[in-house]
Every structure is written in structure tokens, then in C-alpha cells.
Amino acid sequence: MKRIFAVVSLALLVSCGDDGSSANPLDDVVIDESSCSSQFVPGSSGVLSSGSSGSLSSESSTGVSSSALDSHSSSSEVVASSGEMSGESSGETSELVAGDTTRISYALKPFNGPLANPHKGFTVPTGGTWVFVPEFEYGPYGSLKNKAWDLISYGSGYQQWDKLNPRKGEYDWTELDKLLDELAKHGMGYALRVLPYTPSPINGNDTPAEKYDWTPAWVYAEGAKKTTATLQGKGFLAQVPVWDDSIYLQAAKDFGTALAAKYDGDPRIEYIDVRSFGEWGEWHASHLDGSEMPSEKIQMEMLDHYASVFHKTQLVLPSSGSGDVYTHALNIGVTKRDDGFIGTPGRPDSLVRAYKAGLPTIAENIAGYTTMLNYTDVIPGGYLKWTPERWVSAITTAHLTYYVLDQDSDCGYNFYKDNKALADSMTHVIGYNFTITEASLQTVANAKGVTNKLSVSVKNIGVAPCFFDVYMVAEFVDSTGSALAQFGKTAKIAKATFKDGMAKEFTFTQTAAGKETNLASLPGVSVALSLYESEEAYKVGENPTVRFDNDGILENKKLVLKK
């Protein structure tokens with residue numbers, strides 16, 4: 001057979017890199033200080049010509065092992081034995097190599113626009129199912145057409161302890177379940193806080209206690225003690241639970257047990273704050289003279305109890321948990337939230353400990369966006385005002401996985417109206433963010449049949465690991481994106497192993513023996529990649545729930561590598 005030498009120069013795009021080190025996330029955000037707008041530039045894609053044999057190669061994480069794939073030069077001289085080059089089309093380069101081998105290298109582009117993905121990102125207060133009715137103007141279906149909802153990946157809010165636990169041993173989850181179901185219908189989970197107390201409604205000495213003391217009445221009927229405190233700055237008297245009372249503590253633990261029996265592992269729940277003590281359940285009594293937090297020993301015992309009954313759902317230590325209590329929380333897998341962001345110096349740094357412990361970090365600003373714009377940057381005695389630079393720094397410094405977009409009743413409307421470009425860009429930064437930097441398809445034909453090998457390089461260009469198991473699936477799809485067959489085996493990425501800045505490489509292999517049809521060669525057939533939260537979801541035909549940060553995502557969230 002006449003041998004033909006074909007010289008093919010592959011287009012080499014700028015790669016995200018695969019050195020296992022995380023670039024400064026701020027390098028990807030360009031802030032225009034005059035207009036408070038920005039543009040996020042994710043890692044650019046490239047082309048890859050590499051592979052290894054087997055149904056699914058062991059994945060390699062740069063900095064750990066790079067032996068899974070044999071890399072080729074991006075510009076190479078190859079020998080073709082078939083006598084002709086395969087056709088090229090937009091977005092790819094192709095070549096023939098010795099042994100009747102065809103290789104296609106796909107050029108990939110980043111996705112341009114807000115990218116909301118599960119178990120990370122932004123939330124707004126979600127007080128009830130009424131958020132989703134057209135009459136609520138700030139909701140996703142309201143008259144203002146509030147596009148902030150394009151960024152929202154989960155709902156958040158508080159529930160009253162006395163409403164959920166009206167009588168000893170009796171629990172009413174009805175309204176909470178309705179909210180969870182409504183959020184799930186919109187593809188969102190819920191971050192739950194159950195509060196025993198709030199000083200917000202206290203406006204005089206005669207304010208009814210049930211307006212602000214949400215500890216169930218039956219707890220006091222059992223003998224739990226109260227004390228009288230004075231609301232700072234106003235002088236109003238208020239009734240407050242004695243936080244270290246033994247009857248109160250047992251009732252709080254019993255509620256935690258019931259909460260776990262009902263919701264531990266419920267996929268509708270993102271995480272649960274342990275809100276057993278203090279104002280708003282934040283583990284402080286700083287506005288109530290005459291009320292004191294229990295000892296650190298008691299605080300740790302409450303965390304221990306919650307950790308003993310919750311085995312699946314992520315637990316969270318509220319904002320004012322600190323010192324040895326914070327250390328103890330991390331040691332038993334309870335992460336930390338902070339509610340003083342932007343307004344108080346150093347608060348983002350306080351969450352780095354949780355990030356280094358391998359746990360998701362959670363934050364809320366010290367006040368609503370429009371309120372913070374009026375701060376005067378006077379410290380101490382005042383608070384820092386909101387600026388785009390401080391917002392970006394807070395997210396990146398704390399390696400945030402979850403963040404409240406805005407806590408005011410306008411549900412992020414004003415924030416997003418003022419900062420759309422910046423907010424859109426930071427959906428690519430907060431939490432995990434998977435982008436395919438390189439992908440190639442190699443087809444080898446011989447007397448025994450045809451073997452297709454798909455090599456894919458993926459990088460997490462977010463600021464945090466992925467804290468749930470991810471299953472990557474390769475498929476052959478038709479022109480409509482409908483699956484024809486799985487390509488190779490499913491690849492599992494265990495939770496917290498795909499860290500920020502890390503690159504992983506995967507190889508999917510499919511063989512058509514003898515006279516079997518090679519799907520890769522059929523007109524109108526493409527390769528698609530998908531990310532699932534469980535392998536079972538793929539097996540039963542559900543659509544993927546996680547999106548790659550690449551252009552070409554279909555409505556069903558599958559990424560087609562178009563030829």
C-alpha cells in the first residue's frame with residue numbers, strides 16, 4: 001500500500017493549565033471601578049491528542065499522577081496509511097495516523113452568562129411558597145421580571161421552633177415540606193435555620209413574648225426558666241430563655257433528634273444550621289443585657305448531639321460560634337458560616353479554617369445591599385460599605401461555596417440591577433466550576449473492528465472543591481441530543497477530591513467488533529458529556545443536573561462536542 005505523509009498543524013488554544021495549582025481567582029475577574037461592572041474570563045480551552053487503552057483509564061490529577069495518558073505534540077507530522085484525510089469542520093481539527101487511526105481534536109469555548117449549579121452558589125431569602133406566585137413582584141414570576149433568579153441555586157430561610165414543635169413529642173412539618181417541594185420543583189434545595197428567639201419584633205415593654213420568643217410554650221410548662229433582659233439602645237424589657245437550663249437543653253436536643261429523623265439525607269436540604277442558642281439562634285446575646293450564652297462545654301455538647309443524629313446532611317455552626325467551639329465543630333465535620341461579610345474587616349479570613357478542613361464555607365453580608373451602600377467606612381463604631389472589590393475579595397478569600405446574594409426583601413433585585421455583569425461572572429467563581437479544557441476522539445480500525453477512545457481534560461476553576469459525588473458520562477447522541485448509546489463506562493469523582501485549581505484527565509473507550517456499526521462514523525452522530533449527582537439518575541434516564549462551564553450546553557444540560 002502506498003504510504004502518504006500528511007502534515008497536520010493542530011490549533012493550539014490557551015489552556016487552563018494542569019500544574020495542579022490554583023491561579024488567583026481575581027485574575028479571572030476584570031472590575032471596572034467606574035461602572036462597578038466586570039467580565040469573568042474562565043480558563044481558555046485547548047486541544048489534546050492523548051490516550052490509553054482500556055474501557056476507562058484511571059483518572060490522573062495533575063500533581064498526583066500524569067501517567068494515565070501519553071501526550072503528543074500540538075503540532076506534529078503524522079503518517080497516514082488510508083490514503084486520504086478525513087473531513088474537517090468548524091470547531092475541530094482531524095488527522096490520519098499510521099494503523100488506520102483517525103483523531104479529532106475539539107476546540108472548546110467557555111460559557112458566557114450566569115452559570116447556576118447545584119450545591120453551591122447564591123441564594124436569596126425564601127420565606128415560603130408565596131415567593132413563587134406571580135403576585136410577589138420580586139419573585140421569579142413577578143411583574144419586575146427579577147433576573148437575579150437566574151443566579152439562585154438554592155433557597156434559604158428560617159423556621160420557628162414553636163411552629164414546628166407545638167407540643168411535647170409532636171411535630172408539624174407541613175408548611176416546611178410544602179416549601180421544600182416547591183423549591184425542588186424549581187431545581188433548588190433549601191438551607192434550613194430553626195430559630196428559638198428573635199429580638200426584631202420587640203418594640204416596647206408590652207410586646208407579647210410569643211412575638212419574639214419562639215421557644216415552644218410547653219418547654220416552659222415543663223419547668224424551663226426564663227430571665228428578663230433589656231434590649232440595648234432602646235431600653236425595652238424582654239423575656240429570654242435561660243440558655244443553660246437543663247430542661248431547655250434537653251428539649252433542644254430532642255428537637256434535633258426529631259429533625260434528623262425527618263430530614264437527615266433529604267435531597268431537598270442543602271445544609272442545616274444548629275441554631276439552639278441566642279438571638280436569631282446565632283450563638284450570641286449581644287443585644288440583650290441580662291442574657292448570657294451557655295458555657296463552651298454546653299455549646300460543644302449541643303454540637304456533639306446534632307452530629308450524633310445527623311449522618312448525611314451537612315451541619316453548620318452559626319456566625320458567632322468561635323474559639324475552641326469552632327475548632328471542635330470542624331473536628332466533628334460541622335462547618336462554619338459567617339454573617340458579617342463586607343461590613344466587618346477580617347470576616348472572610350475567619351472561614352479559611354473551614355476551607356482547609358475540607359468543608360464548604362457559607363456567608364451572608366452584615367446587612368442588605370442597599371443599606372451597606374450607605375455605610376461610611378468608619379471602623380470601629382461603624383461598618384465598611386459594600387464595593388465590588390470587597391464583594392469579589394470576600395468570595396475568593398473565604399473560598400465560598402454558599403453565599404446570600406442579598407438579604408433584603410427585594411430578593412436581590414436591586415443588587416442584580418446594579419451589578420449584573422459582576423454577579424454573572426462570579427457564578428463561574430463561587431464554589432466548584434468544571435470546565436473541559438481539552439477533548440479529542442481517536443478511532444482505530446483494524447481487522448478485529450473499530451475502537452473509539454475519547455480523551456477529556458477537566459479543570460475545576462472555581463474557588464472550592466465539589467462537596468458531593470459526581471458521575472461523568474460520555475454518550476453518542478443524535479442531532480437532537482437524544483442518547484443513542486453510552487460511550488465507555490461512567491467515571492465517578494468522589495466528593496471533596498476534585499479540589500479548586502485541580503485538573504483531571506479521563507479516557508472513555510468503546511469498541512465495535514467485526515461488522516458492528518461504528519456509531520462514531522455515522523452522519524449526524526455526536527459525542528456528548530454529562531455530569532450527574534448519582535449513577536442511578538443516569539441509568540433511569542434522568543437529565544444531568546450539573547453543567548460544564550463550556551459553550552454548547554443543550555437544554556437538558558448535556559454538552560455536545562460538535563464536529
Side-chain angles (χ1 to χ4, degrees), residues 119 123 125-129 154-184 188-198 213-220 222 224 241 243 245-283 294 298-321 325 328-329 332-337 359-360 362 402 467-468:
H119 312 310
T123 184
T126 315
T129 56
Y154 69 105
S156 62
Y158 65 81
Q159 305 289 316
Q160 296 181 206
W161 180 13
D162 58 348
K163 300 295 184 184
L164 297 178
N165 186 191
R167 287 167 291 280
K168 184 177 182 179
E170 295 184 21
Y171 305 93
D172 184 357
W173 314 110
T174 305
E175 292 304 313
L176 177 54
D177 273 334
K178 287 180 180 178
L179 176 57
L180 295 179
D181 286 342
E182 186 67 23
L183 286 163
M188 292 185 279
Y190 183 67
L192 174 63
R193 293 170 282 178
V194 180
L195 307 190
Y197 195 91
T198 173
D213 185 359
W214 293 340
T215 299
W218 66 263
V219 177
Y220 297 118
E222 290 282 311
W243 300 111
D245 180 89
S246 60
I247 296 175
Y248 174 89
L249 292 172
Q250 188 58 54
K253 290 177 180 178
D254 289 345
F255 177 75
T257 301
L259 190 66
K262 173 67 176 176
Y263 291 114
D264 186 31
D266 191 318
R268 300 173 298 174
I269 299 286
E270 283 292 325
Y271 55 82
I272 295 178
D273 282 26
V274 182
R275 294 267 177 159
S276 306
F277 305 118
E279 303 165 31
W280 303 284
E282 290 182 347
W283 292 47
I298 289 176
Q299 294 176 46
M300 293 181 194
E301 288 174 351
M302 185 62 70
L303 291 176
D304 285 338
H305 177 75
Y306 265 76
S308 73
V309 294
F310 279 93
H311 306 290
K312 299 176 182 178
T313 299
Q314 179 66 58
L315 297 173
V316 182
L317 175 65
S319 188
S320 293
V325 176
H328 183 70
I332 60 175
V334 178
T335 194
K336 184 69 160 61
R337 72 176 292 132
L359 296 169
I362 303 163
Y402 298 100
F467 292 106
F468 60 98

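Small disclaimer: the values here were computed from a predicted structure and weren't measured.
- Contacts of Leu249 classified as side-chain contact (heavy atoms from CB on, under 4.5 Å), with partners at least two apart in sequence or in another chain: Phe277, Ile298, Met302.
- Within the 4.5 Å cutoff, the side chain of Asp266 has no heavy atoms near those of the Thr313 side chain.
- Side-chain contact between Leu192 and Leu259 is present, with at least one heavy-atom pair separated by less than 4.5 Å.
- Side-chain atoms of Asp213 come within 3.5 Å of backbone N or O of Thr215 as a donor-acceptor pair.
- Heavy atoms of other residues, nucleotides or ligands lying less than 6.0 angstrom from OH of Tyr158 number 12 at most.
- In this structure, Leu195 CG and Trp280 CH2 are separated by 10.0 Å, a value rounded to the nearest 0.5 Å.
- A donor-acceptor pair under 3.5 Å is absent between the side-chain atoms of Thr129 and the main chain of Leu179, judged by distance alone.
- Scored by the side-chain contact (heavy atoms from CB on, under 4.5 Å) test, Ile247 finds Glu222, Ala224, Asp245 as partners (sequence neighbours excluded).
- Residues His328 and Asp304 are in side-chain contact: their nearest non-hydrogen atoms beyond the backbone lie under 4.5 Å apart.
- For Ser319 (side chain) and Glu282 (main-chain N/O), no donor-acceptor pair under 3.5 Å exists by modelled atom type.
- A heavy-atom distance below 4.5 Å is not found between the side chains of Lys262 and Tyr171.
- The backbone N or O of Gly333 sits less than 3.5 Å from a side-chain atom of Gln314, completing a donor-acceptor pair.
- Residues Trp161 and Tyr248 place their aromatic rings such that the two centres sit under 6.0 Å apart.
- Scanning for salt bridge (Lys or Arg N to Asp or Glu O under 4.0 Å) contacts around Arg193 gives Glu364, with sequence neighbours left out.
- Side-chain contact, Tyr263 with Asp177: a donor N or O sits under 3.5 Å from an acceptor N or O.
- Taking each heavy atom of Glu170 and Pro166 in turn, the nearest pair found is O-CD, 3.6 Å.
- A distance of 9.0 Å separates OG in Ser276 from NE2 in His305, rounded to the nearest 0.5 Å.
- For the pair Arg275/Val194, no side-chain contact is recorded, criterion being any heavy-atom separation below 4.5 Å from C-beta on.
- A ring pair (Phe, Tyr, Trp, His ring centres under 6.0 Å) with His119 is found for one member of Tyr154, Tyr402, Phe468, Tyr271 and no other, namely Phe468.
- Summarising the geometry of Gly281 relative to Pro196, their closest heavy-atom pair is CA-CD, 3.9 Å, with the distance given to 0.1 Å.
- A salt bridge is absent between Asp172 and Lys163: the closest approach of a Lys/Arg side-chain nitrogen to an acidic carboxylate oxygen does not fall below 4.0 angstrom.
- Using bins of under 30°, 30° to 60° and over 60° for the plane-to-plane angle, the ring pair Trp173/Phe255 lands in the tilted bin.
- Remark: the backbone N or O of Phe310 is not paired with any side-chain donor or acceptor of Asp264 at under 3.5 angstrom.
- Side chains of Tyr190 and Gln159: a donor on one and an acceptor on the other come within 3.5 Å.
- Within the model, atoms CD1 of Ile332 and CG of Leu315 stand 8.0 Å from one another, a figure rounded to the nearest 0.5 Å.
- In this structure, the side chain of Asp181 does not engage the main chain of Leu183 through any donor-acceptor pair within 3.5 Å.
- Panel note: side chain Asp273, backbone Leu317; no donor-acceptor pair is recorded below 3.5 Å.
- When all heavy atoms of Thr123 and Ser156 are compared, the closest pair comes out as OG1-OG, 3.1 Å.
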